[in-house]
Structure formats: structure tokens, C-alpha cells
Amino acid sequence: MTDAVAISVVVPVKDEAGNVGPLAREIAAALKGRAHEIIFIDDGSVDGTGEALAGLKREIPELRVLRHDRNLGQSRGIRTGVQAAKGEIIVTLDGDGQNDPADIPRLLEALEADPKLGMASGIRVKRKDSASRRMASRLGNSLRSQLLGDGASDTGCGLKVFRRQAFLDLPYFDHMHRFLIALMLREGAGVGFVPVNHRPRLTGRSKYTNFGRLLVSVHDLLGVRWLQRRHRGKIEIREL
């Protein structure tokens, strides 16, 4: 692989040894013919995820593996990957295999078609989560929409495509990945939405409970609302 990378795929994972191989192969197949790299961030796994990824590097030359020495969470994993990325366009996916890499080209096309967009975000259709998870998601999305006014019906979809610099311009905090749409809009970047496939988890288990996710989200919602209210708006800068 040369240094001429246009697209960097960033996948944070924690204890997903059974999922990373099939997922990495699907990503490579979806981006065949495009200059890309695939960055998996092993966020302190203890089940052999890092070793499984290292064993794939000969098979998938585009693959890079970064490892946190302890579990720091999904937002830190994404940030680590974006900071290390060589591409100007970033693709993120969840590491559990529920996002379908075959949808990546459609999100890339949406972003490339409109230079005003900072991000194209997937909207999951026919979700394969449990009924309780879907209900909790609807409640959370309704509350978030009322407070933040981001116009999004599904901020929890991990499949997103965005411009690297647009992400680096955002304020960083733990759990920020849940609010990327609102944060992008805060900075004046447009956000487009693309319907995407959703698949059942094949192995492993979710790292979140419905109650735990809701409890954290309430605190974060108030913080993001504060960030919105304290923002002075996008400006243009000219050198004289």
C-alpha cells in the first residue's frame, strides 16, 4: 500500500474476536479499487481481538491495528483512529458486524456529491435489535431531537462518512460519538442521511445496557445543549 490514501475506515472494537475477521474482509471487498486503509482500534480487549487482527495483516495489506493499553470507550477509539488516519475522508463502523460494509460506497457518493456536507450518516432500516433496544432508542432519539434540534432520526448508527478535518474541528469529550450530527451542525457543516442495512450480531454481546446508555445520555445531552448555546457561529476568515 502506498501513502496515497484517500479513504480511512476507522473501527473501534472491544472484545470482538469473533467478528473482526469477517468484518475486515467485507470492508476490503466494499472498497476494492479505491485507495484506502482500514484502521481497527483494539480498545483494551481481553479476548484475543488484537491477536485476531494482527493475524489478518498479511491477508489484508490495507489493514492497520492500533491498541489502547486499557479500555477507554468508543469515542476515544474513534478519535485515536481519526488522528492516525492518512485519508481525508473517514468512514466509521461499529465493530460488532451489525453495520453492513456494502453500504459504504453509497455514503461516500452522498458526501462526494455535495461539498457543503461535512458528514453523511446512515439511518438503519429494519433494525435487528431487540424490541427493548428499539424502544429505548426511539425514546432517546425523541428526547435528543427536542433538546438539540438536529433533525436526525437515528444518531446511534455507527456507519458514518465524514471529512477528517471537520471531525478534528469538533470539541472532544467522552461519548461524543453519539452526538456527531449535532456537533457537525454546530460548526456549520451540513449533514446528509442515507438509509442503510442493519444486521443481527453473530457473536459476542453488546457492551451497553439500555439503562446505562440512557443515564449517560441525559448528562451528555445537557452538555451538548450547553455547547450549542455557547457557540458564536461559523465565521469566514480573510487574510489581508
Side-chain angles (χ1 to χ4, degrees), residues 1-17 19-97 99 101 104-105 107-108 111-112 117-122 157-181 183-184 187 189 207:
M1 184 176 66
T2 69
D3 289 334
V5 173
I7 301 163
S8 297
V9 183
V10 172
V11 189
V13 288
K14 169 70 166 68
D15 293 337
E16 298 285 2
N19 288 317
V20 292
L23 181 57
R25 295 184 184 100
E26 285 186 287
I27 295 170
L31 290 174
K32 186 176 181 180
R34 289 178 176 258
H36 71 279
E37 63 180 355
I38 305 168
I39 307 174
F40 274 76
I41 301 88
D42 178 9
D43 188 32
S45 296
V46 295
D47 70 338
T49 293
E51 292 74 13
L53 286 166
L56 290 167
K57 294 185 70 174
R58 284 190 178 183
E59 177 186 343
I60 305 174
E62 298 86 3
L63 179 63
R64 299 170 60 191
V65 182
L66 309 177
R67 180 164 188 168
H68 291 162
D69 62 359
R70 56 192 172 90
N71 178 232
L72 296 171
Q74 189 170 347
S75 286
R76 180 65 72 88
I78 292 172
R79 184 171 182 246
T80 293
V82 174
Q83 288 177 325
K86 300 176 182 178
E88 294 183 2
I89 302 298
I90 305 294
V91 179
T92 63
L93 298 92
D94 289 338
D96 56 13
N99 298 139
I104 293 175
L107 272 77
L108 287 170
L111 186 70
E112 293 164 353
L117 292 185
M119 180 168 69
S121 182
C157 181
L159 182 52
K160 293 179 170 64
V161 175
F162 49 81
R163 304 184 196 281
R164 180 175 183 268
Q165 191 57 53
F167 176 89
L168 294 176
D169 287 342
L170 302 179
Y172 172 77
F173 56 91
D174 199 17
H175 300 291
M176 70 172 290
H177 69 279
R178 303 186 194 279
F179 302 96
L180 286 180
I181 294 170
L183 293 171
M184 286 279 181
E187 297 296 325
K207 310 305 183 293

Can you name the nearest heavy-atom pair linking [X] to [Y], along with the distance?
| X | Y | value |
| --- | --- | --- |
| I60 | R25 | CD1-N, 3.9 Å |
| A166 | G118 | CB-O, 4.4 Å |
| G158 | D94 | CA-OD1, 3.6 Å |
| I41 | G81 | CD1-CA, 3.8 Å |
| K160 | S121 | CE-OG, 3.5 Å |
| G95 | V13 | CA-CG1, 3.6 Å |

Any side-chain heavy atom of [X] within less than 4.5 Å of one from [Y]?
| X | Y | result |
| --- | --- | --- |
| L108 | R34 | yes |
| F179 | L170 | no |
| F162 | V82 | yes |
| I27 | L63 | no |
| E62 | V9 | no |
| F40 | V20 | yes |

Evaluate I78 against M176 for side-chain contact (heavy atoms from CB on, under 4.5 Å), listing each step before the verdict. CA-CA 10 Å; I78 292 172; M176 70 172 290; over 6 Å; no

Could you point out which residue of V10, L159, L107 forms a side-chain contact (heavy atoms from CB on, under 4.5 Å) with V91?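 That would be L159; it is the only one of V10, L159, L107 passing the side-chain contact (heavy atoms from CB on, under 4.5 Å) with V91.
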
First locate atom [atom1] of [X], then atom [atom2] of [Y], and finally report the distance between them rounded to the nearest 0.5 Å.
| X | Y | atom1 | atom2 | answer |
| --- | --- | --- | --- | --- |
| L53 | R67 | CG | CZ | 9.5 Å |
| R79 | D174 | CZ | CG | 11.0 Å |
| L31 | I104 | CG | CD1 | 5.0 Å |
| I90 | Q165 | CD1 | CD | 10.5 Å |
| D42 | T80 | CG | OG1 | 11.5 Å |

Side-chain ([X]) to main-chain ([Y]) donor-acceptor, under 3.5 angstrom:
| X | Y | result |
| --- | --- | --- |
| D43 | L72 | yes |
| N71 | G44 | no |
| D15 | V46 | yes |

Knowing that exactly one of K86, E37, H36, E88 qualifies, which makes a side-chain hydrogen bond (donor to acceptor under 3.5 Å, both in side chains) with S8?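 When K86, E37, H36, E88 are each tested with S8, the side-chain hydrogen bond (donor to acceptor under 3.5 Å, both in side chains) holds only for E37.
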
Apply salt bridge (Lys or Arg N to Asp or Glu O under 4.0 Å) to E187 and R163, showing your working. CA-CA 13 Å; E187 297 296 325; R163 304 184 196 281; over 6 Å; no

Determine, step by step, whether R76 and Y172 satisfy the side-chain contact (heavy atoms from CB on, under 4.5 Å) criterion, reporting the C-alpha distance in whole Å, the side-chain angles of both residues, the deciding distance to 0.1 Å, and the verdict. CA-CA 9 Å; R76 180 65 72 88; Y172 172 77; 3.2 Å; yes

Suppose the criterion is side-chain hydrogen bond (donor to acceptor under 3.5 Å, both in side chains): which pairs have a residue in residues 48-57, not counting sequence neighbours?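 Only D47-T49 qualify under side-chain hydrogen bond (donor to acceptor under 3.5 Å, both in side chains).
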
Sequence neighbours left out, what passes side-chain contact (heavy atoms from CB on, under 4.5 Å) with L117? Give chain and number order.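 side-chain contact (heavy atoms from CB on, under 4.5 Å) check on L117 returns L111, D114.
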
What I want to check is whether the side chains of S75 and H177 have a donor and an acceptor closer together than 3.5 Å.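 There is such a pair between these side chains.
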
